[in-house]
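Values reported hereafter were calculated over all heavy atoms of this structure, with side chains retained and with hydrogens, waters and symmetry mates removed. Reminder, nothing fancy here: chain letters follow the sequence lines and each chain counts from 1.
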2 protein chains.
Amino acid sequence: MRDVIVAVYDGVVLLDVAGPVQALHGSGGYRIRLASVDGRSVHTDIGMPLGSDLALGDVEGPVDTLLIPGYAYPDGDRPDAAFLGRLRDISHRARRVASVCTGALLLAEAGLLDGRRATTHWAACADLASRFPRVAVEPDAIYVRDGLVMTSAGVTAGIDLALALVEEDHGPDIARTVAKYLVVFLQRPGGQSQFSVRGAIATPRHAALRRLLDAVVAEPASNHSLATMAARVAVSERHLTRLFRREVGLTPSQYVERVRVEAAQVLLETSAVGVASVARSCGFGSDETMRRAFLQVLGTTPTAYRQRFRTSHAISFVK
Amino acid sequence: MRDVIVAVYDGVVLLDVAGPVQALHGSGGYRIRLASVDGRSVHTDIGMPLGSDLALGDVEGPVDTLLIPGYAYPDGDRPDAAFLGRLRDISHRARRVASVCTGALLLAEAGLLDGRRATTHWAACADLASRFPRVAVEPDAIYVRDGLVMTSAGVTAGIDLALALVEEDHGPDIARTVAKYLVVFLQRPGGQSQFSVRGAIATPRHAALRRLLDAVVAEPASNHSLATMAARVAVSERHLTRLFRREVGLTPSQYVERVRVEAAQVLLETSAVGVASVARSCGFGSDETMRRAFLQVLGTTPTAYRQRFRTSHAISFVK
């Protein structure tokens, strides 16, 4: 049995704990204990109390896995210095460390993600990247492994992360059995960017660049070639490309493509407008261009995207 | 705020509670209370205690939604007559009743599924059907609505069910926002039969039929036409069809197709055998026939199925 310590605190997201813990438990291969700063129950983000097995300070000897769930970001009570100190202490004695969702921000605050690749909930990716420049954020991943540190995307991605741990420790057959029992995929099709909403890109400090980004969002169908955009902010194309790389984390054309994809996502989700019309009104030259952009950015096609996120009118009718 | 009562008891599956509760909470539209028979904490299937807000007997007046999570089937402590009586009592005052996973068996024991369509965890579908013949079981559904009673498939399908409730009560935009926050699809592609394992079909009482079913499983690639099978058990084709309908719930050809699909699933999951060879060795005339059968039975193609359930060798290598 491998020893797993789940670090809990007030504001912890219930499903960030329950998902991974249920998956690990399902494999039969782990002794799982919840530990809080003082060993007492904590309040989850939804109010319901969550029991604790011991205090973090009472965790002795080596630990197999230290698991840090997320908190209701940005409203949750962020754990204090004492909590972060305990995390650091146990992490030095742990074979590996894993975070779920916004738990990655706690790992980063404890200095445990410096120089590493990591992911977090899509809504927190930009913040993780800007507050912790030494962390290489991968916004589209469901989970990221870098050495002995693993981080997962938002909420239910913690289940995917736990299945990966089970597969590593107990083999693919047991991981597959657990996944089937939970009625989830052992490997999800596509990354978490399918689930992100508009505005996941951080706001740049450079004022002219900020206005340019807003202009693209306001009219995604207009001409936003590199030359046009450079002329608009009165800088060279090369300088604009450098600005984008530094402040947005994308090339200018990648940014325009993202904005167009996001505009198309809204139309596909909320309207019955045909795919070709969606492509035109969002600035794609053709529906084939839009299709390629969707596959590139979201790992799925416009038609499949619409099917997944369409709302079920059947249900409303039965009401 | 709509009043939700979640009926909890010893052996309840933690994730069956946490998933739906997190989704309902995320919409901001529900007052959620956990209720146990005596108002005290219960032990979840994984040992961790779960607090309770009140006793089921103290739930007063009308209730919007009564939610019954599942228990670790068949090992869990099945709730007793007092619990079932409380469920019946509250259900009469509830606008609607919903179960997650094996919670459907509790609803059935309380008589609340008689004459209704329903689903449950794939591993419990056959048992639900045989123990409660007045329930029309839909083994492939992620969730089933029949009037004011909703039942969901296994474990994480409870999240899908909760999103459907949110959509019904608060509209598609809020449901979509909650789904994105949880990093799940608002509508899953495909049903739960994608996750089921071999042997989900109940064992028939008719001995010759049982031997015939086993023979098909043993050699899915052999000739299993209706004429061949009828000759094998020495009955008319019409009688064999009637036997299949009554004892298996499928036509003979549907059964053969299912078995072939399941055999192909195993090969696709665990081997690198090409799709055409898989089709041949599992009794499909061509890969196109296999493709059509996969779409019919699992709602996905052999290639997509392999991608979803393949194991990640990359992870094992890093170990």
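Residue with the most contacts toward chain B among A:L34, A:L14, A:I46: A:I46 (heavy-atom pairs, distance under 4.5 Å). Per-residue counts of heavy-atom pairs under 4.5 Å with chain A were compared for B:G154, B:G171, B:S41; the largest is that of B:G154.
Judged by distance alone, with hydrogens and angles left aside, the side-chain atoms of B:W122 form no donor-acceptor pair with the main-chain N or O of A:V183 at under 3.5 Å.
The two residues B:L182 and A:T156 come nearest to each other via the heavy atoms O-OG1, 2.8 Å. The minimum heavy-atom distance linking A:Y181 with B:V13 is given by the pair OH-CG2, 4.0 Å.
Heavy atoms of other residues, nucleotides or ligands lying less than 6.0 angstrom from CZ of A:R96 number more than 12. Counted within 6.0 Å of CZ on B:R291, heavy atoms from surrounding residues, nucleotides or ligands total 12 or fewer; the atom is thus considered open.
B:V184 is not listed as a side-chain neighbour of A:V155, based on a closest heavy-atom distance of 4.5 Å or more.
Of the atoms belonging to A:I159, it is side-chain heavy atoms, and not backbone ones, that fall under 4.5 Å from chain B. For A:L50, the part lying under 4.5 angstrom from a heavy atom of chain B is the side chain only.
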Step-by-step side-chain contact (heavy atoms from CB on, under 4.5 Å) determination, B:L15 to A:L15: CA-CA 8 Å; B:L15 190 48; A:L15 190 48; 3.4 Å; yes
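Applying the side-chain hydrogen bond (donor to acceptor under 3.5 Å, both in side chains) rule to pairs touching residues 10-28 of chain A yields A:Q22-B:D45, sequence neighbours excluded.
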